Amino acid sequence: MWKKPLDFSSLTLTSYFLRMIFEETTQTMATGTGFIYEYEDIKYLITNGHNVTRVNPETNQRLGKYAGFPTLIQTRAFIEVETDKDKLVPELFAIDLYKDEYFTKPEWYVHPKFGYAVDVIAIPIDSHFKVPEHVRLFPINNIKFDDDFDPTISDDVFVLGFPFDANPTGKLEMPIWKRGSIATEVDFDLNGLPKLLIDTATRSGMSGSPVIYQRNGFHVHPSGNMGKNIFGRIRGFLGIYSGRLGADDNFKAQLGIVWKKSVIEEIIKGQKIGDIQFQSI
């Protein structure tokens with residue numbers, strides 16, 4: 001149970017530990033991370049496509065030791081204690097990944113232009129159940145960020161995820177803040193795709209994590225209005241982490257892949273349902 005002093009605007013609350021499960025065996029096939037994004041009063045679970053397909057979108061090869069694919073995601077939501085609204089308790093809930101019992105109709109949306117090549121999906125939570133008032137979800141885009149200040153190369157970043165099934169706070173399953181820095185120009189799209197690289201040695205299990213950029217010092221407002229200048233810390237939402245380069249060799253420069261936050265609304269607005277070709281790999 002988590003009791004105040006609790007800052008409901010804390011970024012820590014926005015990151016969710018995910019277990020990818022095959023329904024008939026209740027076997028956990030993989031773990032990962034996701035977060036909630038709210039758009040036009042509908043809440044979506046955002047995570048990586050490879051978390052639900054278990055296929056690497058670049059190599060088209062299956063990930064892990066399992067030949068199958070997950071059919072549901074299990075995570076936790078926070079529930080208000082009826083007798084004390086200042087207390088929250090975690091409660092397990094499951095999100096089906098398919099609309100039908102034969103696993104032919106996925107619930108998730110993919111990028112309308114690039115499909116699975118953009119390794120991000122959006123699952124509409126409200127299509128499964130109406131979220132009760134006593135269930136507290138914390139959409140990342142409801143956090144107050146310093147959006148007037150754009151990220152830039154060399155800014156600090158934090159990946160809020162769950163490396164190697166780490167669970168340092170027991171049932172609450174709070175994320176690890178893994179630190180790094182922006183390693184490529186933010187306005188440049190790598191390989192023609194809306195992604196950038198960060199310099200950080202992240203680990204398995206953090207796929208789907210929200211990535212936050214941070215800068216300390218004196219910040220001149222882009223408008224030139226001196227009254228809007230800031231001295232101190234600024235933060236913003238950068239995007240979605242989806243894996244790393246050089247993961248197979250600790251002596252290589254380990255660079256993390258981050259999909260830009262703009263892909264989320266592109267996916268939601270496009271409403272392109274993912275295909276199931278990955279099932280035959």
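Heavy atoms only: backbone and side chains are in, while hydrogens, waters and symmetry mates are out. Quick caveat, the model's predicted, so the values are computed rather than measured.
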query: What closest approach, in Å, do Val110 and Ile267 show between heavy atoms, and which atom pair accounts for it?
result: O-CG2, 3.8 Å
- request: Test Ile153 against Val186 for side-chain contact (heavy atoms from CB on, under 4.5 Å), laying out the working first.
  value: CA-CA 6 Å; Ile153 193 167; Val186 177; 5.6 Å; no
- request: For side-chain contact (heavy atoms from CB on, under 4.5 Å), just list the numbers for Leu92 and Gln74, CA-CA rounded to whole Å, side-chain angles, deciding distance to a tenth of an Å, and then say yes or no.
  value: CA-CA 7 Å; Leu92 285 173; Gln74 188 181 71; 4.0 Å; yes
- request: Find out whether Lys43 and Tyr37 are in side-chain contact, i.e. whether some heavy atom of one side chain is under 4.5 Å from a heavy atom of the other.
  value: no
query: Atom CZ of Arg54 and atom CG of Leu63: how far apart are they, to the nearest 0.5 Å?
result: 5.0 Å
field: Asn56 (side chain) donor-acceptor with Asn60 (main chain) under 3.5 angstrom
entry: no
message: Measuring from atom CZ of Phe114 to atom NZ of Lys195, what distance do you get when rounded to the nearest 0.5 angstrom?
response: 10.5 Å
field: Sub-4.5 Å side-chain heavy-atom contact between Ile36 and Ile46
entry: no
field: Under 3.5 Å: donor-acceptor pair, side chain of Thr28, backbone of Ala30
entry: no
message: With a 4.5 Å cut-off on side-chain heavy atoms, are Tyr109 and Ile268 touching?
response: no
query: By salt bridge (charged side-chain N to carboxylate O under 4.0 Å, His left out), which residues pair with Arg179, not counting sequence neighbours?
result: Asp156
- prompt: In a check of side chain to side chain contact (heavy atoms under 4.5 Å, CB included) between Leu11 and each of Phe145, Phe138, Phe237, Phe35, which one passes?
  reply: Phe145
- prompt: Within a strict 4.5 Å, meaning less than it, do heavy atoms of the Ile182 and Thr152 side chains meet?
  reply: no
task: Can you see which heavy atom on Arg233 is nearest to which on Asp146, and at what distance?
output: O-OD2, 4.0 Å
message: Pairing donors with acceptors under 3.5 angstrom, does anything connect the side chains of Asn142 and Glu38?
response: yes
message: Could you check whether any side-chain heavy atom of Leu97 comes within less than 4.5 Å of a side-chain heavy atom of Pro106, counting everything from C-beta outward?
response: no
message: For Tyr98 together with Trp108, are the ring centres under 6.0 Å from each other?
response: yes
- request: Identify, with sequence neighbours excluded, every residue that meets salt bridge (charged side-chain N to carboxylate O under 4.0 Å, His left out) alongside Lys113.
  value: none
query: So do Ile240 and Val258 actually touch side chain to side chain, heavy atoms under 4.5 Å?
result: no
- prompt: Is the side chain of Arg244 donor-acceptor paired with the backbone N or O of Asp199 at a distance under 3.5 Å, no angle test?
  reply: no
Tyr116 and Gln277: side chain donor to acceptor below 3.5 Å: no
message: Quick one, Lys261 with Val263, criterion side-chain contact (heavy atoms from CB on, under 4.5 Å). Give me CA distance, side-chain angles, the key distance, then yes/no.
response: CA-CA 5 Å; Lys261 66 178 183 179; Val263 304; over 6 Å; no
query: Hey, does Leu190 have a side-chain heavy atom less than 4.5 Å from the side chain of Leu197?
result: yes
- request: Start with the C-alpha gap between Val159 and Ile198, add the side-chain angles, then the distance that decides, and say whether side-chain contact (heavy atoms from CB on, under 4.5 Å) holds.
  value: CA-CA 10 Å; Val159 183; Ile198 60 173; 3.7 Å; yes
field: Asn48 side chain vs His50 backbone, donor-acceptor pair below 3.5 Å
entry: no
task: Could you grab the distance from atom CH2 of Trp259 to atom CG of Asp119, nearest 0.5 Å is fine?
output: 6.5 Å
Non-hydrogen atoms of Pro175 and Ser15 that approach each other most closely: CG-CB, 3.7 Å
message: I'd like to check the side chain to side chain donor-acceptor pair (under 3.5 Å) partners of Asn51; sequence neighbours left out, ordered by chain and number.
response: Thr47
query: Counting heavy atoms not belonging to Asp148, are there more than 12 under 6.0 Å from its CG?
result: yes
task: Drop me the distance from Leu160's CG to Thr33's OG1, to the nearest 0.5 angstrom.
output: 9.0 Å
task: For Phe69 and Thr53, work out which heavy atoms get closest and say how close.
output: CB-O, 4.3 Å
- prompt: Would you say Leu18 and Thr31 make side-chain contact, with heavy atoms under 4.5 Å?
  reply: no
query: For Gly32, does its backbone N or O pair with a side-chain atom of Arg19 as donor and acceptor, under 3.5 Å?
result: no
query: Between Glu107 (side chain) and Ile95 (backbone), is there a donor-acceptor pair under 3.5 Å?
result: no
- line: dist Leu196:CG -> Leu255:CG (nearest 0.5 Å) comes out at 11.0 Å
query: What's the shortest heavy-atom distance between Arg215 and Phe149, and which atoms?
result: NH2-CB, 4.2 Å
- line: Heavy atoms of His111 and Lys272 approach each other most closely as O-CD, 3.8 Å
Contacts of Asp189 that satisfy salt bridge (charged side-chain N to carboxylate O under 4.0 Å, His left out) - sequence neighbours left out: Lys260
- prompt: Which residues pass the salt bridge (charged side-chain N to carboxylate O under 4.0 Å, His left out) test with Glu185, sequence neighbours left out?
  reply: none
message: Working to the nearest 0.5 angstrom, can you tell me the gap between Arg235 CZ and Tyr213 OH?
response: 12.0 Å
- prompt: Which pairs, with at least one residue in residues 174-200 and sequence neighbours excluded, count as a ring-ring contact (aromatic ring centres under 6.0 Å, His included)?
  reply: Phe158-Trp177
